[in-house]
Every structure is written in structure tokens, then in C-alpha cells.
Engineer: 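Below are the C-alpha cells for one structure; questions will follow.
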Amino acid sequence: MTIMTYRQALHDTLRAEMLRDDNVFLMGEEIGIFEGSYKITAGLLKEFGEKRVRDTPIAEEGFAGAAIGAAMLGLRPVIEMMTINFSMLALDQIINHAAKIYGMFGGQASVPLVIRTPGGGGQQLGATHSQNIELFYAFVPGMKVVAPSNPADAKALLLAAIRDDDPVLFLENLALYNTKGEVPDDDTPAEIGKAAVTRPGRDLTLIGYSRMAHLAAEVATRLAESDGLDIEVVDLRSLRPLDRATIVESVKKTHAAVVLEDDWLTYGIGAEVAASISDGAFDYLDAPVRRVAMAEVPMPYAKPLETAALPSRDDAINAIRQTLAAVGHRPSALALGVPHS
Amino acid sequence: MTIMTYRQALHDTLRAEMLRDDNVFLMGEEIGIFEGSYKITAGLLKEFGEKRVRDTPIAEEGFAGAAIGAAMLGLRPVIEMMTINFSMLALDQIINHAAKIYGMFGGQASVPLVIRTPGGGGQQLGATHSQNIELFYAFVPGMKVVAPSNPADAKALLLAAIRDDDPVLFLENLALYNTKGEVPDDDTPAEIGKAAVTRPGRDLTLIGYSRMAHLAAEVATRLAESDGLDIEVVDLRSLRPLDRATIVESVKKTHAAVVLEDDWLTYGIGAEVAASISDGAFDYLDAPVRRVAMAEVPMPYAKPLETAALPSRDDAINAIRQTLAAVGHRPSALALGVPHS
Amino acid sequence: MPAQARRRRSAPQAPDRASRDREVQLRAFYRDMVLIRRFEERAARAYTEALIGGYCHLNLGEEAAVVGLMSALNPTDYLFTNYREHGYALMRGIDPNRVMAELYGRVDGVSKGWGGSMHMFDMTHRLLGGYGIVGGQLPLATGAALAIDYRGGSEVVMCTLGDGTTAIGAFHESLNIAALWNLPIVFVIINNGLGMGTTVAKASAEPELYKRGAAYRMESARVDGFDPVATHEAAAKALETARKGRPYLLEVVTERLRGHSVVDPARYRTAEEVERLKHEDPLQTFGAKLTADGVLDPDRIAAIEQEVAGIVTAAADFAASSPHPAVTTLFDYTYATPVANDSRRLPGQPLFEPLPLPAPSGAHA
Amino acid sequence: MPAQARRRRSAPQAPDRASRDREVQLRAFYRDMVLIRRFEERAARAYTEALIGGYCHLNLGEEAAVVGLMSALNPTDYLFTNYREHGYALMRGIDPNRVMAELYGRVDGVSKGWGGSMHMFDMTHRLLGGYGIVGGQLPLATGAALAIDYRGGSEVVMCTLGDGTTAIGAFHESLNIAALWNLPIVFVIINNGLGMGTTVAKASAEPELYKRGAAYRMESARVDGFDPVATHEAAAKALETARKGRPYLLEVVTERLRGHSVVDPARYRTAEEVERLKHEDPLQTFGAKLTADGVLDPDRIAAIEQEVAGIVTAAADFAASSPHPAVTTLFDYTYATPVANDSRRLPGQPLFEPLPLPAPSGAHA
Ligand SMILES: Cc1ncc(C[n+]2csc(CCOP(=O)(O)OP(=O)(O)O)c2C)c(N)n1
Ligand SMILES: Cc1ncc(C[n+]2csc(CCOP(=O)(O)OP(=O)(O)O)c2C)c(N)n1
Ligand SMILES: [Mg+2]
Ligand SMILES: [Mg+2]
């Protein structure tokens, strides 16, 4: 075990995989000389040279497609989309090509491609740079989508993604890059398609992924202290495939669920999670599944507006208390009425 | 009232709006000389000339963006994306620009744009040409998305879309173009954001949009005869905004719901519908909301595989019977075991 | 196998042998053009008989272009095309039976019936796909060239595209990247004068399409696509240049004799145009020339037609008798690496445990 | 208002008056360059003081280019830019107070605080937006030109973009459409030599970017962006051509004196480069030239600096005292046409009727 940041875990894993397999190489905008917009690839150009760490022109569709074509011939490109917002310009190559080639040609060529990209918000980047559109990829058969919430998962899921023969959208998060955690030293890949119960509990199931799984853990700990609540936290980790079994199993035990997500509520990732719970745990659920998500507006630049539009810790706490109140669970008096942020 | 096809209703409405307002003009690939891939714009080039009916190069991003820019200056472009699959190439212009410009600039410029495009499947067009990705637009604040299921709505919703000052994704369907229905002669626009109860009933709420609302009506009629069932049909008509009130109201009355959709199940449009029902009608629902959707695979070309992957009338019928059985409703003996298609 | 493929193996020759070989090659070109022509005509018929579905785009009028280009490739070179690729598949040496079976959507098709007319793929013959999204193949082909370069290989990628495709962003991004990185790739514009119904003049501000290479300092040229020999030579030069790491843009000027796809009556064409096309047929032109030069004669032509008719009929019979894919295979090609919780649900199946009534059969997640 | 704006109104003059007017114009150019320089320096400071957030890209080094280009526009012409647009906003005549207020995210900002540094917009001054998505402004600007053409107007659209942006698909699609349809638009490449850290040589296979106009038969030219007069003249010629319905591609060669954005230390720059840039500063160069020519002198320069310092300080004070947007306005700009069932829910609010516990305030769908 070593304690390191989410950023460090990504950097070290990329480096280790490049050392392990000559077919692994990196492509993206400003990942070389500039060392990456968020410095994940810092130092790798110097170490591996331009062949393995390729700065591309600003041409998302072109370089993503080039990575797909290279993957069809057996290379294992790991590309960086500077932020997930810009991946929209490569959507045709990713969805109409990377996700289709294996099936459309009857299984003759696979596309071992990893697309690393950060989602996020809360940095005052405005309407076009603050979107969380992992849904676009999670919706598409042929894609795999993973979303680590901590440094250990960042390593284990990146290992799995690079060694997988299908296109994997690897969702990172601007707000997580500097977060720290223990990371195992061995190279055991995680299993794509599996969620994790990161905290066992009996009162309510709190579900999240990426930054929101991180927040969920924090909120659960806090409510254990403040309200003596025993909350189970499920970190989805994989958005496609979605691990319904683990989610439903948990809710069958807790009888209540709250979903935290960084994207917009209507049609967001949480919609499928809530629908699946309401179906699979129909006879166990004591209150509606509550979703806490981003306000449905083009994200404003002004700080107070952005803050109001983003789901906060207090929003999560209120949602949990309201849900527990609805199922008849008694929160400690002390806990009532956390002001709305 | 006049009986006409869905295609005719679209054609006549485009023509009428162009005659009414000089600012309305059409752009798209092959809409002029070729008269449109699906002939919606047949004859309009001859009547209005190249200025009002503009054939574009094959450049979805370029011409969609040009339409947005023209709309910013007050024109009212109605563009055709040959199929919704190709709209992915224009996604950046539509989502990062058309849907953002009004908010991002503090309400200084609106984008009165209509994007007409057919979804569909079942034509053996293969993996890249058989997708239903209306979700990508329905998910985005700033967009409006409508999906008429019959000629009358095609007219009324197109009128509303053209006269609306926001970008509207107007979803058509390959399988509906030749369907016929009564169309009112007056020019009353529909109200965007409202669903319609197209058939009242007490036993179960059957929900769909576009082709699936059409199928829902057919199935409801059929089951009334075969099983003596009294099914209420809700046609969503608008995917963004989504009319939760009408849906939930219906389920509070029927206590059961089945959603029919042409897109993939996981994260599909039905997920939000099911989640909203499970929340808003929590105390009324007697069985889980059942979703009937496309199999989650890249659509194969071979007919038997495509047929198996697409939701059929029998799938809908079985889902309804199974749901009613779960709520304890007694279907007539005669009705059991419709073979699976 | 395409007749010209045999030619490739012939060793350096004495002058007299050489001129005989040349005649053999010319006849081979003609024979291959006939094969494409008759194959496409048969496909059109099968489509009207509802044995083929979806979109079906034919190479009618482009036979000389296809033959000239494909004969210049090494067997180890890679090919990416658009959706109008039946003739290319045949010329890469893929068994006509398997090409026809793909059109019929059968298990013996080159793409096992999953791709159809627009999506033929065969790794052994290095046809890396027909693609239905306009321009979609360009970034992919560029990436294949990148992989060759990455491994220091000597293969070249050829990527064909239509005239209408030069207007799309992927064209620009791909040519810029290929030139910037000196990749071994030849982009070939098959200029048949039309998108669907839109002319080059109405789609491209620079109608001399090959000149667009200048924006990338990419060597480029234009050649007569009705002349298989000229096309072959232009392609050979382009491939040689690309093999040295200098990408190349080749424009092949040809005609589309029928509609955009089998179902398009092409009403947008003027009477004069239709009339003109009657006399502009590469097969007729080239056949007449070879006959005049004494390379072909009515007997030889008859023999070729007979051989080809046999191949095409056999292909149709083979396709018709090949089985349809079984529904049980529906979930076989979503992922190359099996994954936990993959959805393998038919539309009629519930998300969770089936309810009392008879539930549909099939896999279950 | 920018000093050069005043000049625009001067009527035809007698020779002596003319030369005096010329001096006035040159001083006006210099003064406007100083205004941009000091405004950007103040913005950088405010960013470090956390009064400005998000991304903040400055025009430092591009002052001559901005002044030369903007002085050539008619007030009725339209401008689209990328996200590096503070100077352009000032030169279009937008009150510096409102530009700075936008950077601060306040209600008096040009975009009411919704856009920030990257997204300035003002319809009256015909700045139709800074855009944060690379290349995003090109199709929009092309469409604005289409609208002018549609209405038979005499305005022209100017659309600026960076050197790195010439690699993206939207560049190709937009220039092709503009040239094909003869739209009144001038595309201006601000070539400051770098994307973020990527040089033109590493991003473009044709490093002489203006030559890319050839792919669209579009007239094009390159000009020295350190010389506001030369830039003004080149822009005037381009606009005149575009006004006749012939789109134009102008490349303005300049430098980016600091990092890509305020937070970029630009470590990727070589020591020599950093050294060179110390002596390549358009403000110094142009100021020295005007001084040598007797158009400027220390007193005049001091006066200009003083005037500008007053403007910039006032702008910062105004911005700081302008109110933050109220949270109650969060749902005001999702749609221009109000619509039924629009979601106006804060993250803490439930989808349906609030539950017993104290529910958050705010709108409710
Ligand atoms: C991105 C995209 N846009 C539009 C289409 C519809 N479409 C199919 S073929 C075609 C015309 C292509 O013309 P060209 O590139 O000249 O190729 P040709 O058909 O002549 O071989 C169009 C517009 C598509 N398949 N993909
Ligand atoms: C589509 C897209 N890709 C990537 C980015 C990230 N990005 C912002 S600015 C920039 C460099 C642009 O360089 P250039 O066009 O030369 O403009 P300059 O910043 O020099 O003015 C990049 C890559 C973006 N904003 N949009
Ligand atoms: Mg063509
Ligand atoms: Mg630059």
C-alpha cells in the first residue's frame, strides 16, 4: 500500500502499462510538451519519446478515429480527451465506429481503446465546459464505461481498461485529481461491470459514482456521527455494464435509497439506477428513490449561480433525512433542518 | 379535417410556414434537387427556389452551425438531418452552441431553430444507421424535443417548433412516414411540453412516443378485443420537457404501467419515465413499471437478428399481460401465451 | 480470385513475353471489370427480389477505377472504403460467394451477415471495412497507417472516399494528421460527379478535388477512372510515394451509371445526362479499345462473359442456400472481452426475474 | 469608446489636415493598444486575487492585431471570436466597466455574469460572442453571413480563430460552405505561434496557414500582426472583398507574450524564446517607431498611460461594486420561449411534493 493522489495513481499506472506492453501508447492534445491540461501525463514524453506520447493537432474526431484505426491493427492506444465536453466532437468516431466495429463486422476486429477524460464542474468554466455527459457513452452497447472515485480504483480500473479488448470510456473528475488514498502496490486489475459496497449499513443505501461516490462516503461518515445513521454506500464504478444486482441487493436490505449524481436529473444516470431499484426491489422499497443531481440549466459562470446549480453535501444530507423521515425512521432531533446551501 | 399521411402533414406544414413567414427557410443534405431522402421536401425547391430550400454539402456540423448562426440573427431555419444517426456529427454545434447560446450570454440572443430528423430501425440499415439517440437531446437543458406519433401531431408540433424561439429537435420516424390519419385544417400549434392521453382506460397505463405511441394505440385496441382489457395510452409527444404530471396522474388511476420504447433499455428514455412513475405514484403502483425496449446490441443487418432485437407487438402484449398478472388482474383464459416473436 | 492477382506473380520477362504478359494483363483487367459489372447487376436483381435489404450501393460505372486501383495494391496493403464496396471486396480476392452471402445477410457472408452491403470486412484479405457513415473511414484508415508506422512496417493503407465526402470535417482532420505525421497512406477520391443528387460544383468550393492536397502540402493527382491502365499506374505511383512515408491524394474521375442506391430512380438527372451516360460506359469503352488493338475478340469476350456468368450465378446460389444467422447469436458480438452484467435481454424479457406468465426464451442478465 | 472609433467619423480632408489626421490615427492606435495591455494586466491581477474565476485567456502580445482588425470594421459589421476576446470587446466600443464586470461574474457584465472571460456578447456592439469550444464560432459566423446574404444586407462578418483551430473539422466545413455560397465573411487566423503549448509546425501540415484558403478558391493573405497599420489595411481589403460576396482568409502573425491562460507558467518555452519575447513586444516596437517618427513623445505617452490607468482602475472598481447575480435568476435563461413542465428544481429539491421535513426554498415543477 502507498498513499498517493488520484492523479499520481493515473500517472503511475499509465507509465507501468507502457513499460509492460510496447503496444500501449498515448495520444491527445497537449499531453506531451504541455504535459497535459491536468498534468496526468507529466514526464512521460521525456521518458518514452514522441512515438509513445503523441501530441495531436486540435482535431478530436481525427485523433480519436486514428486511435480506433490503430487499435484495429492491434495497438492499444490510451487517448486523452482534455475534458469530456470536447469528446462530443469525436462522438461519431467513438459511437458509430469504436463501439460498432466488433459487432458490425461479425466479431472480426476488436477495438482495444481507452478514452481517458475528466468530467466535473464547479470550476466556473461556464456552460460548455461544465457538462457531465458520461450518459452518452453509458447508453451505447459496445462501449464500456468506468468511473473511479478513489486512487485505488483509478489504478485498478485503468489497468482493467487498458487490458480490455473493447473501447472503454474512462471517466475521471477534475475535483478528484488531488484527492489522496491508499493504493495497493500489486497490479491486479478491477473487474469492469462490478459496483462496490464501500461502506456497509442498514438504514439507507446511498449510491454514487466518481466524485459523487466520494461525496457519498463523506456524507455517510458525517451522518453516522451527527445522526447516528447507519448508511450503506454503493460506488457504481462501472456505468456500462451497470451492476444492478449489487444495487438491488443493498436496497432489499436497507429498504431506502438516495442517488447522488453530478449530471442533470432528467434522463441522467440516476434515472436508470432509480428505475432499476424500483423494479428489482419493488416489494422492499419503503419510500421513493430520491435523486440529487445538477439543476437543469446551462451552467452559469457566476460563482453563486454555479454553486446553487451543483448538488452539495447539504443537499445530499437533506435528501437522506427526508427519505428516512418518509420511511418512518427517526433522525435525532439535533439533526433537523440543515440549511439549504 | 383531411386524411393524409404523416409525410404529407410534414410537407404541407413546412410549405404553409414558408408561405406565412419569409424568415423560415430549409437547409439540409439532398433536400432540394433530390427532394429529400424520404421526400418530405418534395417540390419545395421548385416552388421556393434555392434561397429558401438550400442543398448543403455533406457537412452536418457546418450546416447545423450555419443554421444556428442564421437563427441568432433572427432567421428561422428548419434543417433536416437525414437520419438522427448523422446528427452525432453535429452534436457539438447543437448541444454546445444552439442549446447554450441563450443562457451563456445571459439571454441576449435566442436560437429559433428546428432540427427535423427521423429515427427508426427495422429497415436492415445496420449498426450505424439504426440507432435511436433522441436521449442525447432530451437530456440537455436548453433543448426542446418533440416526437409526434401521428399526422395531426406532426402538423401541430411542427407548427409549434417553428414558431418557438428555442432550438427544437423534431423527431420523426421512418416507419411512420406512410401512416395515415385525420389532420385538422386550421393552424393551431400544439403545446410543447405536454403529453396526451390518447386512449382512456382503467386497467393499465401504456406509455410510448413516436412509433411506439402508434404501436401502443394498436396494442390497446387489440387487447380490448382479445382480452377485454381497458388500457390507457399516454403519448409523451414531448421528451423535453417531459410531462410527468400527466403520466403520474394516469398511473395513480390505473396502478400499473408499461413503457414501450424504440431505443436501448439501459439509460433509455423509459428509464426516466419509469423512475418518475415509481417516485410520483409510489403509493399507487401495484407492480413494477415494465419497460419494453430494443435489445442492447449493435443492430445486426441480418433480418432474423434485427427482428429479434426490435421490440414487437407481441413483446408489448406479453409485458402487459405479465404486469397485469403481477397486480392480480385476471386476463381472459383465451389470451394466455401469445408466442414470442 | 481476381484474374489480375495471378498476373502479379509473373517474373521479369523477355520483350516478347513482356508484350504477351501485357495483353494478358489487359484482358485480366477487362475480365475483372466484367465480373464487377455482372456481380452488381445480379445484386440489383436480388434486391428487387427482396433477397437483399437495407441500403445497397453499386459500383456500376466505377469498374475500371476499382480494377485499376486494386491491381496496384500488394496483398499485404490495407484497404478502407465507403459503403459502395462490393467490387473492391471482389478485387481484394474475397470469394464472390461470401460477398454475395453478405448481401443476403447469411452466416457465410464476409461479415457473417452482420454488416450487409455497406459493411464488408475481411482481415485476411485486408479489406478493413466498408463504412456507412460518410467520412467515417478516413480517421480509421489514418490510424491504421499510424499503426504500420509505429511498427516500422512496409505496408500502405489505401482509403477510398467519394467526391461528396471531401466536404466533411473528417476529411480535413485526417489529411492534416496523415501529412503531419508522414503516414503511409493514399487517400483516393472516387469522383463520380455526385453525392446522392448533389453535383461536385454544388458541394465543393474547389471542384478540382485533388487540389485540396495543397492545404496539407500533400502530393496529389487526378486520373481518368474509365481507363484501368492509367488508374493502375497512377495508383502505383501514389502507393510508392506513400510507402516512403509521404501520404498522397489521388482523384479518380468516373461516373455513376445508375442511382445513388438500388432504389434511387435518379430523376434529378437531365435527359441529356441520361443520354450521355448511355455512351459513356467504361466496360464498352475499354472493351472496344482492346478489340481494336486486337487484344480482345468476340470469342474471348464471350468466354469471359460465360466464365463470369458462372461465378455470379454460383455466388447467388451459394448465398441463397447459406443459413440465416441464429437468433441465439444475437448477443455474441457486443463485446470482444466478456464482461460482468452485460445485458443479454430480448425486448420481451423483464429486467428482473420473469413473472408467472410464460416468459420468452433466451439469455437473461 | 476606442479612440480609433472617433477617427472613423472624420470626413475627407485637405492634404495637411490629412497628415495630421494620420498622426491622430496612429496615436489612437497606440492608445488603444495601451488600453488593451493595461486592461489585461489588471485582469491578470484580479485573477490572482480570486476576483475572476474559470479560464482567463489574455490578448497580451496581440494588441496591435486586435486594434488593426477592429479599426477596419464598420459599427454594423458582426464579430465572432474565440475565448481570447477581452481586447476585441473593448475595441468594439463596449464599456470597459461592463467587460471587467463580466470577468468578475457580476450582473453588470456584458453577459450578465453568465458567460465569464470566454463568453462575452453584446448585440448592440455586434460582438456575437466569444466561444470556448475551439472552432465552434466558425459555423456560427458562417451562418450569420448567410443571414446577411439572405436579407441582402451590406454588413460583413469577421470571424477570428487561432492558429491551432485550423486543424479542426469545423474550419474546413465552414470555409467550404462560405466560399461555395459566396458569403460576406472574413476568417481571420490570429497566428500567435501556439495552441496551448503546441507549435504551428507540430499542428499543421501547411504551416503557412493563409495558404489553406486555396482549398476553397478563397482569396487569402498574411500580415504582420505587430503592425497595427498594416493589419488595418489588410483587414480593410479583406472586408471590402467580402462585402462583394467573396469570402476572405486573413492570417495575422503575432505572439502570445504570456501563458495560454493566466494560470499557465509556459514552462514548455525555451530560454531563448523567453529571451526573444522580451524584445518582441508590439507596444514597445510601435511606441518606439511613433516616437522616432515624432508622432509620440514621452509626455504624450505619459498622458495616454494616465488616461488608460484611470479607465482600467474605474473598470475594476465598477466590477467589484457590481452585484452578484441572485440565485433566484438561475432558471431565467434556459429557454427564450417559456415552456410547460420545464424543470426549475434546485439540486436539493425532490421531483414530487416535498416530504414532511423542512424542504429547500425555490421554484418547483
Ligand atoms: C455523416 C453522413 N451524412 C450523410 C449520409 C447520407 N449519405 C449516404 S451516401 C451520401 C452521398 C455520398 O456521396 P459521395 O461521397 O460522393 O460517395 P458516393 O455515394 O458517390 O460513392 C450521403 C449524403 C451518411 N451516410 N453519413
Ligand atoms: C474542441 C476543443 N478542443 C480542445 C479545447 C481546449 N483548448 C482550449 S484553447 C486550445 C488551444 C487553441 O489554440 P489556438 O487556436 O491557436 O488559439 P489561441 O489560444 O492561441 O488563441 C485548446 C486545445 C477546446 N476548448 N475545445
Ligand atoms: Mg460521389
Ligand atoms: Mg494560437
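Note on naming: letters A, B, ... go to the chains in the order of the sequence lines (proteins, then strands), and numbering restarts at 1 for each one. Below, each value reflects all heavy atoms present in this structure, side chains not excepted, and no hydrogens, waters or symmetry copies.
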Engineer: Hey, which of Arg244(A), His97(A), His129(A) has the most heavy atom pairs under 4.5 Å with chain B?
Structural biologist: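 Sorted descending by pairs with chain B, the first entry is Arg244(A).
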Engineer: What part of Val273(A) lies closer than 4.5 angstrom to a heavy atom of chain B: side chain, backbone, both or neither?
Structural biologist: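 It is neither, since no heavy atom gets under 4.5 Å.
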Engineer: Checking side chain to side chain contact (heavy atoms under 4.5 Å, CB included) between Asp286(B) and each of Leu324(B), Val327(B), Val251(B), Leu204(B), which is the one that passes?
Structural biologist: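 Testing each of Leu324(B), Val327(B), Val251(B), Leu204(B) against Asp286(B), the sole residue satisfying side chain to side chain contact (heavy atoms under 4.5 Å, CB included) is Val327(B).
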Engineer: Do Glu261(A) and Asn132(A) have side-chain atoms, one donor and one acceptor, less than 3.5 Å apart?
Structural biologist: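 Per modelled atom types, Glu261(A) and Asn132(A) side chains form no pair under 3.5 Å.
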Engineer: Quick one: of Gly270(B), Gly268(B), Ala275(B), who has the most non-hydrogen atom pairs under 4.5 Å with chain A?
Structural biologist: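 Answer, by heavy-atom pair count under 4.5 Å with chain A: Ala275(B).
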Engineer: Tell me which of these, Leu135(A), Val140(A), Leu265(A), has more heavy-atom pairs under 4.5 Å with chain B than the rest.
Structural biologist: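 Of Leu135(A), Val140(A), Leu265(A), Leu135(A) has the most heavy-atom pairs under 4.5 Å with chain B.
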Engineer: Where does Asp283(A) contact chain B at under 4.5 Å (heavy atoms): side chain, backbone, both or neither?
Structural biologist: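 For Asp283(A), there is no contact with chain B at all, as no heavy atom is under 4.5 Å.
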Engineer: Identify which part of Gln93(A) has an atom lying under 4.5 Å from any heavy atom of chain B, answering side chain, backbone, both or neither.
Structural biologist: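 Neither part; nothing is under 4.5 Å.
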Engineer: Check whether Leu285(A) gets within reach of chain B through its side chain, its backbone, both or neither, counting any heavy atom under 4.5 Å.
Structural biologist: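 For Leu285(A), backbone and side chain are both near chain B.
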Engineer: With chain A, which of Leu242(B), Ile269(B), Asn85(B), Ile277(B) has the greatest number of heavy-atom pairs at distances under 4.5 Å?
Structural biologist: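 Option with the top pair count is Ile269(B).
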Engineer: Tell me, out of Ala138(A), Pro298(A), Gly142(A), who's got the most heavy-atom pairs with chain B below 4.5 Å.
Structural biologist: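 Most heavy-atom pairs within the cutoff with chain B belong to Ala138(A).
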Engineer: Under a 4.5 Å cutoff for heavy-atom pairs, which residue among Phe136(A), Tyr267(A), Tyr301(A) has the most contacts with chain B?
Structural biologist: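 Of the candidates given, the most pairs with chain B belong to Tyr267(A).
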Engineer: Give, as side chain, backbone, both or neither, the part of Phe282(A) having an atom under 4.5 angstrom from any heavy atom of chain B.
Structural biologist: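 Contact with chain B involves the side chain of Phe282(A) alone.
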Engineer: Is it the backbone or the side chain of Ala99(A) that comes under 4.5 Å from a heavy atom of chain B, or both, or neither?
Structural biologist: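 Ala99(A) touches chain B through backbone heavy atoms alone.
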